[in-house]
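Taking it in order: structure first as structure tokens, then the write-up.
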Amino acid sequence: FDNTENPNDQNYYVYLYHGTQKSTQTATVSEKVNFYYENGPHKGQDVPSSDVKPVNKVITYTRTKTTDLVTGTTSYSNWKADSATALTAVNIPTMLSGHDKNAAKDVYKLDKAKIKTNYKDLLNSDQTMVNAISVDTSKLTNGEKLAYEVLIPYQLQENIAIHFID
């Protein structure tokens, strides 16, 4: 090809690449911690955020799926979070005062026995704190929606004074 007499100096390099197809996958993890009044004049209502720190947080994870169009093999990048990767730690007050005309008298106490959660590791052993936990991204799948929820009840403590008159 270069008009020389030596055919051994003819080198050709051919590079072949497989076609690939890329797509983006997503998964979401939400955390919700709510505090509510179990009884009394505010029964069923949320405790005001001035007393507690409710949480309503969503973390969206994305990764890239690459498919080799010749062999059909698939590979994935690591999941990446759009924000912090740990769920929030929350202190749970054991007592709250009421928010009405009897606020000085009304005392609401944490009802530990009725705390509800869909994930046991969210609460510490004495149930006074919602633990910060890291999301195990190895268990996420495309389109998955994980939800961690904690409902924390407070019960009005009845203060009844009995006076005997003789």
- Note on the structure: Residues L140 and L146: closest non-hydrogen pair is CD2-CD1, 3.7 Å
- Note on the structure: All heavy atoms of T64 vs all of S77, minimum pair found to be N-OG, 2.8 Å
- Each residue besides V14 in its hydrophobic cluster should be listed here, by chain and number; the cluster joins Ile, Leu, Val, Met, Phe, Trp and Tyr at side-chain heavy-atom distances under 4.5 Å. L16
- Note on the structure: Contacts of K114 meeting salt bridge (charged side-chain N to carboxylate O under 4.0 Å, His left out) (sequence neighbours excluded), chain-then-number -> E38
- Inter-residue atom distance D82.CG - I59.CD1, 0.5 Å rounding: 7.5 Å
- Message: I'd like to check V29 versus V58 (side-chain heavy atoms, cut-off strictly below 4.5 Å). Are they in contact?
- Response: no
- Note on the structure: So NZ of K80 and OG1 of T26: to nearest 0.5 Å the spacing works out to 15.5 Å
- Query: Where do G72 and T67 come nearest, in terms of heavy atoms and distance?
  - Reply: O-CG2, 4.3 Å
- Message: I need the K32 NZ to N56 CG distance, nearest 0.5 Å.
- Response: 5.5 Å
- Could you grab the distance from atom CG of N78 to atom OG1 of T62, nearest 0.5 Å is fine? 11.0 Å
- Message: For W79 versus T137, what's the shortest heavy-atom pair and its separation?
- Response: CD1-O, 3.2 Å
- Please step through side chain to side chain contact (heavy atoms under 4.5 Å, CB included) for the pair I115 and V150, ending with a clear verdict. CA-CA 7 Å; I115 292 177; V150 182; 4.1 Å; yes
- Item | Minimum heavy-atom distance between D68 and T20, given as atom pair plus value | CA-CG2, 4.3 Å
- Under the side chain to side chain contact (heavy atoms under 4.5 Å, CB included) criterion, do K53 and F35 qualify, and how do the steps go? CA-CA 8 Å; K53 302 289 184 247; F35 301 83; 5.6 Å; no
- Item | Whichever hydrophobic residues join V70 through chains of side-chain contacts under 4.5 Å | none
- Would you please name every residue forming a side chain to side chain donor-acceptor pair (under 3.5 Å) with T141, sequence neighbours left out? E144
- Test side chain to side chain contact (heavy atoms under 4.5 Å, CB included) on H18 and T71 and set out the steps. CA-CA 8 Å; H18 289 204; T71 65; 3.7 Å; yes
- Going from NZ on K112 to OG1 on T94, what distance comes out if it is rounded to the nearest 0.5 angstrom? 7.5 Å
- Query: Counting only heavy atoms not in K43, do more than 12 sit closer than 6.0 Å to its NZ atom?
  - Reply: no
- Counting only N and O atoms by type, is there a donor-acceptor contact under 3.5 Å from the side chain of N118 to the main-chain atoms of A147? yes
- Would you say the side chain of L110 lies within less than 4.5 Å of the side chain of I152, judging by non-hydrogen atoms? yes
- Query: Using the benzene-type ring in the case of Trp, are the ring centres of Y154 and Y37 under 6.0 Å apart?
  - Reply: no
- Who are the salt bridge (charged side-chain N to carboxylate O under 4.0 Å, His left out) partners of K139, not counting sequence neighbours? D136
- Item | Heavy-atom closest contact (D111 atom, Q155 atom, distance) | OD2-NE2, 4.1 Å
- Message: Could you measure the distance from the CD atom of Q157 to the CG atom of L96? Nearest 0.5 Å is fine.
- Response: 11.0 Å
- Apart from Y36 itself, residues in the same hydrophobic cluster as defined by side-chain heavy atoms under 4.5 Å: L151
- Message: I'd like to know whether Y148 forms a side chain to side chain contact (heavy atoms under 4.5 Å, CB included) with V33, so could you lay out the CA-CA distance, the side-chain angles of the two residues, the decisive distance to 0.1 Å, and finally the verdict.
- Response: CA-CA 8 Å; Y148 297 100; V33 179; over 6 Å; no
